[in-house]
Amino acid sequence: MSFSKTKFKYFIGSICCASLIFFGYTAWCATRPMPYSPPEKTAWLVYWDAQSGTQELSATDNKYTGISYFAAYFNDKDTLFIPDGFKEEQTLNRTKFQPQYEYLTIVNDIAGKNKNSFKDIDVVKRVLDGDAKRIIHAREIIELAQANHCNGIDLDYEQIFKDQTAAGDYIKFIKILYDKASAQNIKLRVILEPSVKFSNYDFPKGPQYIVMLYNLYGLHSGPGPKADFSFIENTAERMKSLPAPIGVAFSTGGCIWGDNGQKRFISAQEAKSLAQENHVSQKRDAKSNDIYFSFTKDNVNYTVWYADQNTLESWIKKAAAMGLYSISIWRLGDN
């Protein structure tokens with residue numbers, strides 16, 4: 001089979017047009033603007049460290065526009081509940097100041113008599129199985145927020161996007177919860193892990209999407225910073241697929257790793273105390289602005305990485321350079 005000259009010209013022209021469209025789209029993706037969110041700063045308070053958290057909050061001159069109370073869990077009957085200590089956490093904060101928004105954080109952890117599970121995908125699949133259950137669950141969350149005098153909700157269901165069935169149900173649920181919460185003048189924020197492939201999902205418009213820019217290194221890995229500048233930049237680029245408004249969350253403190261396999265999260269104050277007690281010098285990492293040091297105790301070699309105020313400020317500055325001005329901090333207490 002042979003092409004005529006005319007057909008050949010059309011063929012070449014089609015190839016050229018397709019190439020221009022492809023490269024033009026690629027260039028647009030690389031330069032498209034970041035979805036805008038107004039400048040704001042929020043932070044989490046946790047019930048198990050309410051005293052320290054509120055003390056730190058009182059020393060910040062009320063610079064936070066919102067406070068998130070952590071958290072509501074599921075019991076082993078798939079019903080949400082507020083843990084002991086929440087009332088103290090909320091009451092202590094309200095003696096300091098009244099923020100514009102008070103968020104109730106809902107997590108997919110199970111804390112029951114017969115079962116304890118963190119970031120449980122199955123409980124989410126059960127409570128979101130079908131439109132009727134999704135509506136019931138949305139009402140349950142809203143009523144819990146209202147009963148605890150919160151005008152905002154943080155929906156923090158993690159690991160969900162590792163299961164496509166759960167992910168599909170979750171996307172549908174976000175829309176339902178947003179519509180019903182908005183009708184009650186309750187703001188909805190959806191907390192997302194940085195590993196989520198944002199462009200693969202049709203996230204509904206309306207809620208604010210907060211991406212966690214931490215746990216680059218942690219209990220799942222060897223020593224390193226919770227975030228670095230490259231991680232912030234790369235994740236921010238992918239966030240351009242999300243609908244506005246959007247924001248990011250950074251984490252205080254750090255982690256300690258022992259060569260005996262033990263590892264745990266630590267606060268900035270604890271990290272500083274460890275360095276002083278063991279008479280070691282601290283170094284600052286150029287790629288993350290994190291602080292790190294090592295020491296030996298009882299024949300175990302330990303490595304510590306943590307963020308101080310200088311670190312957090314540099315991460316926030318990097319986020320702003322990427323067009324991200326809504327900042328959340330995990331968490332207040334011993335920093």
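Just so you know, residue 1 is the first one in the sequence shown, and it goes up from there.
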J.: Name all residues meeting the ring pair (Phe, Tyr, Trp, His ring centres under 6.0 Å) criterion together with Tyr101; count only those two or more places apart in sequence or in a different chain, and write none if there are none.
T.: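 Testing Tyr101 for ring pair (Phe, Tyr, Trp, His ring centres under 6.0 Å), a comparison that skips the adjacent residues, returns Tyr103.
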J.: Judged by modelled atom types alone, do Asn185 and Asn151 share a side-chain donor-acceptor pair under 3.5 Å?
T.: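 Per modelled atom types, Asn185 and Asn151 side chains form no pair under 3.5 Å.
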J.: Side chain of Glu56, backbone of Gly333: donor and acceptor closer than 3.5 Å?
T.: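 At least one qualifying donor-acceptor pair exists.
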J.: Using a 3.5 Å distance criterion without hydrogens, assess whether the side chain of Asn215 forms a donor-acceptor pair with backbone atoms of Gly218.
T.: no
J.: Determine whether more than 12 heavy atoms belonging to other residues, nucleotides or ligands lie under 6.0 Å from atom CZ of Phe118.
T.: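 Atom CZ in Phe118 is not packed in, count stays at 12 or less.
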J.: Return yes if some donor-acceptor pair links the side-chain N/O of Ser37 with the main-chain N/O of Ile246 below 3.5 Å, else return no.
T.: yes
J.: Please, which pairs that meet salt bridge (charged side-chain N to carboxylate O under 4.0 Å, His left out) have at least one residue in residues 246-274, sequence neighbours excluded?
T.: Arg264-Glu270
J.: Stepwise, does the side chain to side chain contact (heavy atoms under 4.5 Å, CB included) test hold for Ile186 with Ile153?
T.: CA-CA 7 Å; Ile186 296 175; Ile153 295 167; 3.8 Å; yes
J.: List the atom of Val248, the atom of Ala319, and the distance in Å for their closest heavy-atom pair.
T.: CG2-CB, 4.2 Å
J.: Residues sharing Ile176's hydrophobic cluster, by side-chain heavy-atom contacts under 4.5 Å among ILVMFWY, directly or via others?
T.: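 Via sub-4.5 Å side-chain contacts, Ile176 links to Ile135.
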J.: Determine whether Trp44 and Val211 fall in the same hydrophobic cluster, where Ile, Leu, Val, Met, Phe, Trp and Tyr are linked whenever their side-chain heavy atoms lie under 4.5 Å apart.
T.: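 No, Trp44 does not connect to Val211 through the hydrophobic network.
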J.: So, Asp156 and Thr105: side-chain donor and acceptor under 3.5 Å apart, yes or no?
T.: no
J.: Quick check: does any side chain N or O of Arg238 sit under 3.5 Å from a backbone N or O of Val196, one acting as donor and the other as acceptor?
T.: yes
J.: Taking Phe295's backbone N and O only, do any of them form a donor-acceptor pair with Asn278's side chain (distance below 3.5 Å, no angle check)?
T.: no
J.: Could you check whether Arg331 pairs with Asp49 (Lys NZ or Arg NE/NH1/NH2 to Asp/Glu carboxylate O, under 4.0 Å)?
T.: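 Salt bridge present between Arg331 and Asp49.
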J.: I need the full list of salt bridge (charged side-chain N to carboxylate O under 4.0 Å, His left out) pairs touching residues 179-208, with sequence neighbours left out, sorted by first then second residue.
T.: Glu40-Lys187, Asp154-Arg189, Lys175-Asp179
J.: Go through it in stages, so that I can follow the logic: the residues are Lys133 and Val127, the test is side chain to side chain contact (heavy atoms under 4.5 Å, CB included), and I'd like the CA-CA distance, side-chain angles, deciding distance and then a yes or no.
T.: CA-CA 6 Å; Lys133 284 190 174 182; Val127 299; 5.9 Å; no
J.: Check for me, please, whether Tyr64 and Val46 land in the same ILVMFWY cluster - side-chain distances under 4.5 Å, paths through other members count.
T.: no
J.: Given ring pair (Phe, Tyr, Trp, His ring centres under 6.0 Å), test Tyr201 with Phe161 step by step and report yes or no.
T.: CA-CA 10 Å; Tyr201 301 96; Phe161 293 91; 4.8 Å; yes
J.: Examine Tyr157 and Val107 and state if one hydrophobic cluster contains both, with Ile, Leu, Val, Met, Phe, Trp and Tyr joined whenever side-chain heavy atoms are less than 4.5 Å apart.
T.: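 The answer is no; the residues belong to distinct hydrophobic clusters.
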J.: Is Arg284 salt-bridged to Asp290, going by a charged N under 4.0 Å from an acidic O?
T.: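 No salt bridge links Arg284 with Asp290.
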J.: Can you list every salt bridge (charged side-chain N to carboxylate O under 4.0 Å, His left out) pair that touches residues 101-113, not counting sequence neighbours?
T.: Arg94-Glu102
J.: Can you list everything that forms a side-chain contact (heavy atoms from CB on, under 4.5 Å) with Ser117? Sequence neighbours excluded, please.
T.: Ile110, Lys115, Asp120
J.: Under 3.5 Å, side chain of Asn148 to main-chain N/O of Cys150, donor-acceptor pair present?
T.: no
J.: Main chain of Val300, side chain of Asp298: is a donor-acceptor contact present, judged purely on distance under 3.5 Å?
T.: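 No, the answer is negative, given that no donor and acceptor are paired below the 3.5 Å cut-off.
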J.: Using ring pair (Phe, Tyr, Trp, His ring centres under 6.0 Å) as the criterion, list what pairs up with Phe86, not counting sequence neighbours.
T.: Tyr69
J.: Could you note down all residue pairs passing ring pair (Phe, Tyr, Trp, His ring centres under 6.0 Å) where residues 263-293 supplies at least one of them, sequence neighbours left out?
T.: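 Matches after skipping sequence neighbours: Tyr292-Trp305.
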J.: Answer yes if Ile191 and Ile106 sit in the same cluster of Ile, Leu, Val, Met, Phe, Trp and Tyr residues linked by side chain heavy atoms under 4.5 Å apart, and no otherwise.
T.: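 As far as the 4.5 Å side-chain criterion goes, Ile106 and Ile191 are not connected within one cluster.
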J.: Would you kindly confirm whether Phe203 and Val124 end up in one hydrophobic cluster when ILVMFWY residues are joined by side chain heavy atoms under 4.5 Å apart?
T.: yes
J.: I'd like to know if the side chain of Asn75 reaches the main chain of Thr79, judged simply by a donor and an acceptor atom lying under 3.5 Å from each other, with no hydrogens or angles considered.
T.: yes
J.: Determine, for Arg126 against Asp129, whether the closest basic-nitrogen to carboxylate-oxygen distance falls under 4.0 angstrom.
T.: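 No salt bridge links Arg126 with Asp129.
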J.: With sequence neighbours left out, write down each residue that passes side-chain hydrogen bond (donor to acceptor under 3.5 Å, both in side chains) with Lys162, or none if nothing qualifies.
T.: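 Lys162 satisfies side-chain hydrogen bond (donor to acceptor under 3.5 Å, both in side chains) with Gln159 only.
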J.: Can you list everything that forms a side-chain contact (heavy atoms from CB on, under 4.5 Å) with Lys318? Sequence neighbours excluded, please.
T.: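 If we apply the side-chain contact (heavy atoms from CB on, under 4.5 Å) test to Lys318, skipping adjacent residues, the hits are Phe229, Ile232, Glu233.
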J.: Please step through side-chain hydrogen bond (donor to acceptor under 3.5 Å, both in side chains) for the pair Asn301 and Thr296, ending with a clear verdict.
T.: CA-CA 4 Å; Asn301 298 314; Thr296 301; 2.6 Å; yes
J.: Mind checking side-chain hydrogen bond (donor to acceptor under 3.5 Å, both in side chains) for Arg139 and listing every partner two or more places apart, or none if nothing turns up?
T.: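 side-chain hydrogen bond (donor to acceptor under 3.5 Å, both in side chains) list for Arg139, sorted by chain: empty.
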J.: Show, in sequence, the C-alpha distance, side-chain angles and deciding distance for Leu274 and Tyr302, and conclude whether the side chain to side chain contact (heavy atoms under 4.5 Å, CB included) test is met.
T.: CA-CA 10 Å; Leu274 283 172; Tyr302 294 98; over 6 Å; no
J.: For the backbone of Tyr214 and the side chain of Ser251, can you confirm whether one donor and one acceptor N or O come within less than 3.5 Å of each other?
T.: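 The answer is no, because no donor-acceptor pair under 3.5 Å joins these two groups.
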J.: Compute whether any side-chain donor of one residue and acceptor of the other, for Tyr306 and Gln269, lie under 3.5 angstrom apart.
T.: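 No donor-acceptor contact under 3.5 Å links the two side chains.
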J.: Would you check, one step at a time, whether the test side chain to side chain contact (heavy atoms under 4.5 Å, CB included) holds for Asp169 with Lys125?
T.: CA-CA 8 Å; Asp169 290 344; Lys125 292 172 75 171; 5.6 Å; no
J.: Can you name the ring pair (Phe, Tyr, Trp, His ring centres under 6.0 Å) partners of Phe70, sequence neighbours left out?
T.: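 Partners of Phe70 by the ring pair (Phe, Tyr, Trp, His ring centres under 6.0 Å) criterion, ordered by chain and then number, come out as Trp48, Trp330.
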J.: Is it the case that the side chain of Trp315 and the backbone of Ser288 share a donor-acceptor pair, with hydrogens and angles ignored and the cut-off at 3.5 Å?
T.: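 At least one qualifying donor-acceptor pair exists.
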